[in-house]
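Okay, so here's the structure we're looking at.
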Amino acid sequence: MIAEHALSQTPTETCASRRALAPGERWCVAMTLPQRERVAELNLANQNFRSFLPIQVETRRHARKFRTVLAPVFPGYIFVALDVERHRWRSVNGTFGVLRLITDGERPLAVAKGIVETLIQSSDQRGALSYAGKLAIGDRVELVAGPFAGALGILQRLDGAARVQVLLQLLGGPVKVTAERSMVAAAP
């Protein structure tokens with residue numbers, strides 16, 4: 001419960017992760033302690049390591065109540081920009097919140113170029129991934145968060161205030177549901 005509360009608060013600014021990588025730097029992956037991704041992110045920043053923790057809007061149900069929280073896309077992992085020739089990367093393993101760097105035996109294993117960069121470009125200032133691409137009225141959409149998560153419907157209205165209205169087929173008839181734009185994605 002503590003981790004959910006921490007994630008629902010305003011996350012740290014991701015401007016540092018949006019900068020282009022310096023020559024020799026590559027994105028590597030570090031495993032974190034369970035539900036300690038934010039702790040690892042803050043402590044890496046305190047050591048001047050640039051990191052990126054992609055998060056997403058997620059709906060959780062507990063005791064008949066729904067809560068929308070910001071949760072890690074890859075629970076237990078965080079991306080760290082490292083130049084293994086220049087940085088003292090072994091200190092990442094001793095960072096509070098980090099379990100260990102993923103290595104190929106002796107050196108940190110780099111993520112394929114373009115993957116983390118694409119995640120960064122697809123996220124907002126908070127680091128939350130935006131799944132809502134270009135939507136048009138009449139498109140088939142899926143609600144990805146909220147009490148109707150997973151439901152398919154037809155997009156009825158796009159409001160300028162980042163709200164959408166979706167027509168769902170529930171209880172034997174059409175029901176109009178209003179939700180945040182980030183809670184809607186194009187149907188598969």
Side-chain angles (χ1 to χ4, degrees), residues 1-19 27-47 49-81 92 95-99 101-102 111 114-135 141-153 155 158-166 168 177-188:
M1 292 306 253
I2 293 171
E4 288 179 14
H5 177 68
L7 287 175
S8 64
Q9 294 176 357
T10 305
T12 59
E13 192 76 21
T14 60
C15 291
S17 62
R18 291 185 184 277
R19 288 191 331 251
W27 286 105
C28 299
V29 180
M31 287 180 66
T32 65
L33 295 171
Q35 300 178 351
R36 296 292 182 259
E37 295 88 358
R38 285 275 177 224
V39 172
E41 181 181 37
L42 292 172
N43 286 313
L44 286 167
N46 288 340
Q47 296 179 61
F49 285 109
R50 189 164 45 144
S51 64
F52 177 64
L53 176 63
I55 54 178
Q56 64 186 349
V57 176
E58 194 173 278
T59 299
R60 300 206 174 141
R61 180 180 170 197
H62 178 70
R64 293 188 214 153
K65 292 183 181 181
F66 291 95
R67 279 187 36 194
T68 302
V69 296
L70 294 173
V73 175
F74 308 108
Y77 296 93
I78 189 169
F79 297 103
V80 183
V92 171
T95 302
F96 187 70
V98 173
L99 186 60
L101 278 167
I102 304 295
V111 176
I115 292 176
V116 177
E117 290 83 355
T118 302
L119 289 171
I120 292 170
Q121 289 174 353
S122 300
S123 62
D124 59 17
Q125 278 306 108
R126 306 173 299 179
L129 292 182
S130 172
Y131 297 110
K134 296 193 183 238
L135 297 174
V141 294
E142 177 182 7
L143 290 167
V144 295
F148 298 108
L152 298 174
L155 187 64
L158 291 164
D159 291 340
R163 307 279 296 168
V164 296
Q165 188 176 62
V166 179
L168 301 175
V177 175
T178 303
E180 292 181 29
R181 184 172 169 80
S182 63
M183 299 170 93
V184 176

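Numbering starts at 1 and runs along the sequence shown.
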I would like to know whether L53 and R38 meet side-chain contact (heavy atoms from CB on, under 4.5 Å); could you show each step before the answer?
CA-CA 8 Å; L53 176 63; R38 285 275 177 224; 4.1 Å; yes
Could you grab the distance from atom CZ of F96 to atom CG of N43, nearest 0.5 Å is fine?
7.0 Å
Any side-chain heavy-atom pair of T32 and F74 under 4.5 Å:
no
Measure the shortest side-chain to side-chain distance between C28 and I102 over non-hydrogen atoms and say whether it is less than 4.5 angstrom.
no
Counting C-beta onward and ignoring hydrogens, is there a side-chain heavy-atom pair between T178 and V166 closer than 4.5 Å?
no
CG on N46 to CG on L42, rounded to 0.5 Å:
7.0 Å
What distance do I120 atom CD1 and F52 atom CZ have between them, rounded to the nearest 0.5 Å?
5.0 Å
Find the distance between CG (L143) and CG (L168) and round it off to the nearest 0.5 Å.
5.5 Å
Please name the pair of heavy atoms, one in E142 and one in G150, separated by the smallest distance, quoted to 0.1 Å.
OE2-CA, 3.7 Å
In this structure, which one of L44, V92, T95 forms a side chain to side chain contact (heavy atoms under 4.5 Å, CB included) with S51?
L44
How long is the gap from CG on L99 to CZ on R36, to the nearest 0.5 Å?
13.0 Å
Does V73 offer a backbone N or O that forms a donor-acceptor pair with the side chain of Q56 under 3.5 Å?
no
How about M183 and F148: do any of their side-chain heavy atoms sit closer than 4.5 Å?
no
Please lay out, stage by stage, how F79 and V29 fare under the test side-chain contact (heavy atoms from CB on, under 4.5 Å).
CA-CA 5 Å; F79 297 103; V29 180; 3.8 Å; yes
Side chain of E117, backbone of G114: donor and acceptor closer than 3.5 Å?
yes
What I'd like to find out is whether the side chain of I78 reaches to under 4.5 Å of the side chain of E41, using heavy atoms alone.
yes
Does some side-chain heavy atom of Q165 sit less than 4.5 Å from a side-chain heavy atom of V177?
no
